[in-house]
Amino acid sequence: MAWLKASLCVTSRWNLNNLETIMDVEPVRVRFAPSPTGRMHLGSARTALYPYLLARRTGGTFILRIEDTDQKRFVPGAEKELVEGLRWLGLNYDEGADIGGPYGPYRQSERREIYHQHAWELVEKGHAFPCFCTSDRLEKIRQEQLKRKENPRYDGTCRKLDPDETRHRAAAGEKYVVRFKMAKEGYTTALDLLRGAITTENQALDDSVLLKSDGLPTYHLAAMVDDHLMKITHVIRGSEWLSTFPLHVNIIRAFGWQEPVWVHLSVFLKPTGKGKMSKREVAEAIKDGHSIFITDLRDLGYIPEGVLNWIVLMGWGVSEEDVMTLDEMIARFDINNLTPSPAAINFAKLDHFNGTHIRALRSEDLAARIKPYFLQAGYRVEDVKLLKIVPLIRERLVTLDDCLPFAAWFFKETVEPNPAELVAKNLTASQSADIARKTYEILSALPEITPELAEPPMRALVEQLGLSANQVFGILRVAVTGQSVSPPLFESMEIVGKKKVLERVKRAIEMLEKM
RNA sequence: GCCCCCAUCGUCUAGUGGACCAGGACGCAGCCCUUUCAAGGCUAAAACCGGAGUUCGAAUCUCCGUGGGGGCACCA
């Protein structure tokens with residue numbers, strides 16, 4: 001076990017000031033191995049992110065392997081969504097189901113022969129046995145055991161069968177599964193990087209099925225075989241595998257293989273911290289503009305930088321600066337600093353990180369990212385104009401689609417102010433109309449409308465009328481933008497242009513006069 | 001029921017026996033800035049699950065409770 005302990009000290013504790021001087025010892029080979037049985041959610045994204053970071057940190061290899069050995073639960077579009085999600089997040093893999101690699105195939109359904117061979121290797125070695133028990137019989141004894149308040153487990157019937165007899169029955173075409181022959185006595189100790197040694201009594205372990213009667217392997221066999229064949233050095237997976245961890249270690253030892261470093265990640269809990277999110281709660285989150293699904297998050301206007309920063313910190317703590325790009329995460333990541341405790345999802349924090357990363361985007365970048373939202377809403381978008389708008393709305397966006405309420409009006413020929421909103425606070429409609437007329441005079445006298453030219457005379461007007469800037473500018477804002485909340489007024493008017501601004505003020509005057 | 005894992009502000013976390021009357025972040029509250037909405041700045045409130053041990057000294061180590069999570073399939 002000494003070698004394992006030594007290999008656990010992969011990195012030293014990082015220090016902000018000498019990041020560059022710290023080098024990890026060995027390039028790792030790590031994998032993200034989802035099963036295409038559902039949608040890609042936050043948990044999957046994080047179980048992909050950590051190995052990705054470790055791979056990039058150590059100059060290693062990140063692999064995507066598809067674990068599709070359950071034909072019953074297979075969901076057609078799932079693999080596509082997985083790949084799409086990873087690409088969107090920027091977690092590019094070096095070897096994988098759709099791109100190949102030296103250890104392929106990377107889709108388990110295409111490796112059937114390999115598992116069959118390995119299952120029988122274990123049988124020949126005396127570590128596994130073919131089992132001919134029917135599901136009906138198994139179910140019956142399970143019920144009986146439950147009735148007797150015993151733990152349901154395989155009763156060992158076929159374990160006692162003569163090896164030659166079983167070989168012949170199997171060869172003759174009789175349906176069978178291959179079960180692992182678990183030691184009946186002693187203990188199994190397995191080492192998890194985050195939790196230390198985990199010891200289990202062997203008698204608590206079952207003779208688990210390795211190869212199903214349809215010829216496909218269970219996870220237990222397939223994952224162990226593939227991790228070995230694909231030379232995986234660190235297995236980073238969800239804590240749902242903790243209970244079968246001893247089994248897996250036993251399988252690897254039965255083959256006589258070297259163990260990888262094991263890291264079992266915690267689960268994500270619902271926002272209250274009590275339990276996992278239910279179907280209903282997932283649906284409610286979506287109504288609220290949030291989601292646990294990666295492609296939903298994308299469609300909701302979240303950016304990969306924000307999502308990544310959010311999930312990377314659910315299970316990994318940094319003491320000070322916590323806003324990071326993917327590259328910064330790579331530079332700072334230390335697998336030894338992951339936390340083993342479950343984390344509650346906090347969407348408010350996602351909003352915070354998303355807004356923060358949006359603000360950090362270069363104007364051209366942000367413009368390119370929000371342009372589709374305007375297009376989709378049916379607006380004609382001129383890039384030059386869009387680029388001028390971006391600095392005005394940048395710090396107001398929490399999600400990309402917030403660009404619509406703030407800036408869609410820029411692309412409209414005319415705006416439709418709500419007459420009631422045109423009336424300034426604590427003033428009458430006719431008083432407001434009067435202010436609007438004075439505003440019109442000031443603005444029309446200007447050669448063009450820029451903040452430098454327009455703001456001083458407008459401030460003077462506010463002063464002269466003895467009103468608040470809020471009252472005077474408010475009328476103008478609603479008149480020009482058609483809404484009471486907008487980007488900064490004078491900068492906005494500059495983009496709209498003098499001609500349109502005057503048209504709109506004129507229209508507002510008319511509306512106010514009619515009230 | 002049995003097995004395994006986890007436990008620091010409401011939430012994510014820092015903390016690896018003395019540097020901790022516990023640090024950062026989100027959120028919340030107040031103030032400043034301010035043409036709306038934001039952003040930004042400042043300030044505040046807010047935690048070591050409980051009980052026994054070990055030790056000169058415990059958030060940190062051990063045990064027992066309690067709470068939470070995961071598993072007990074020819075699912076992953």
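By convention in this document, chain letters (A, B, ...) are assigned in the order of the sequence lines, proteins followed by strands, and residues within each chain are numbered from 1.
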Out of B:A14, B:C6, B:A39, which has the shortest distance to the side chain of A:Arg359?
B:A39
Given B:C12, B:G27, B:C75, the nucleotide with the shortest approach to the side chain of A:Met314:
B:C12
Residue pair A:Asp322/A:Thr272 against RNA chain B: nearer the 5' end by closest nucleotide is A:Thr272
Nearest listed nucleotide, side chain of A:Glu395, among B:A76, B:A7, B:A39:
B:A39
Using a cut-off of 4.0 Å on non-hydrogen atoms, how would the nucleic acid contact of A:Thr69 be classed: base, sugar-phosphate, or nothing?
sugar-phosphate
Establish, yes or no, whether a centroid distance under 6.0 Å links the rings of A:Trp310 and A:Phe268.
no
Using purine N1 to pyrimidine N3 plus N6-O4 or O6-N4 for Watson-Crick, or N1-O2 and O6-N3 for G-U wobble, each under 3.5 Å, what pairs with B:A59?
none
In Watson-Crick or G-U wobble terms, with both distances under 3.5 Å, the base opposite B:C49 is B:G65
Interface polar pairs with nucleotides 29-35 of chain B, N/O, under 3.5 angstrom:
residue: B:U35; atom: OP1; partner: A:Arg459; partner atom: NH1; Å: 2.7
residue: B:U35; atom: OP1; partner: A:Arg459; partner atom: NH2; Å: 2.5
residue: B:U35; atom: O2'; partner: A:Arg477; partner atom: NH2; Å: 3.2
residue: B:U35; atom: O2; partner: A:Arg477; partner atom: NH2; Å: 2.1

Reading nucleotides 60-74 of chain B 5' to 3', which nucleotides get B (base under 4.0 Å from a protein heavy atom), which S (sugar-phosphate only), which -?
--------SSSSSSB
Please tell me which of A:Ser484 and A:Trp310 maps to the more 5' nucleotide of RNA chain B, matching each residue to the nucleotide holding its nearest heavy atom.
A:Trp310
Pairing donors with acceptors under 3.5 angstrom, does anything connect the side chains of A:Arg394 and A:Ser363?
yes
Going by purine N1 to pyrimidine N3 plus the second Watson-Crick contact, or the G-U wobble pair, all under 3.5 Å, which nucleotide sits opposite B:C26?
B:G10
Mutual orientation of the aromatic rings belonging to A:His248 and A:Tyr219 [parallel < 30°, tilted 30-60°, perpendicular > 60°]
tilted
For A:Tyr154, does the six-membered ring have the charged nitrogen or CZ of A:Arg179 within the cation-pi criterion, i.e. under 6.0 angstrom from the centroid and within 45° of the normal?
yes
The test is side-chain contact (heavy atoms from CB on, under 4.5 Å); show your working for A:Arg237 and A:His264 and say whether it passes.
CA-CA 5 Å; A:Arg237 54 173 9 181; A:His264 291 91; 2.8 Å; yes
Nucleotide opposite B:U36 in a Watson-Crick or G-U pair, distances under 3.5 Å:
none
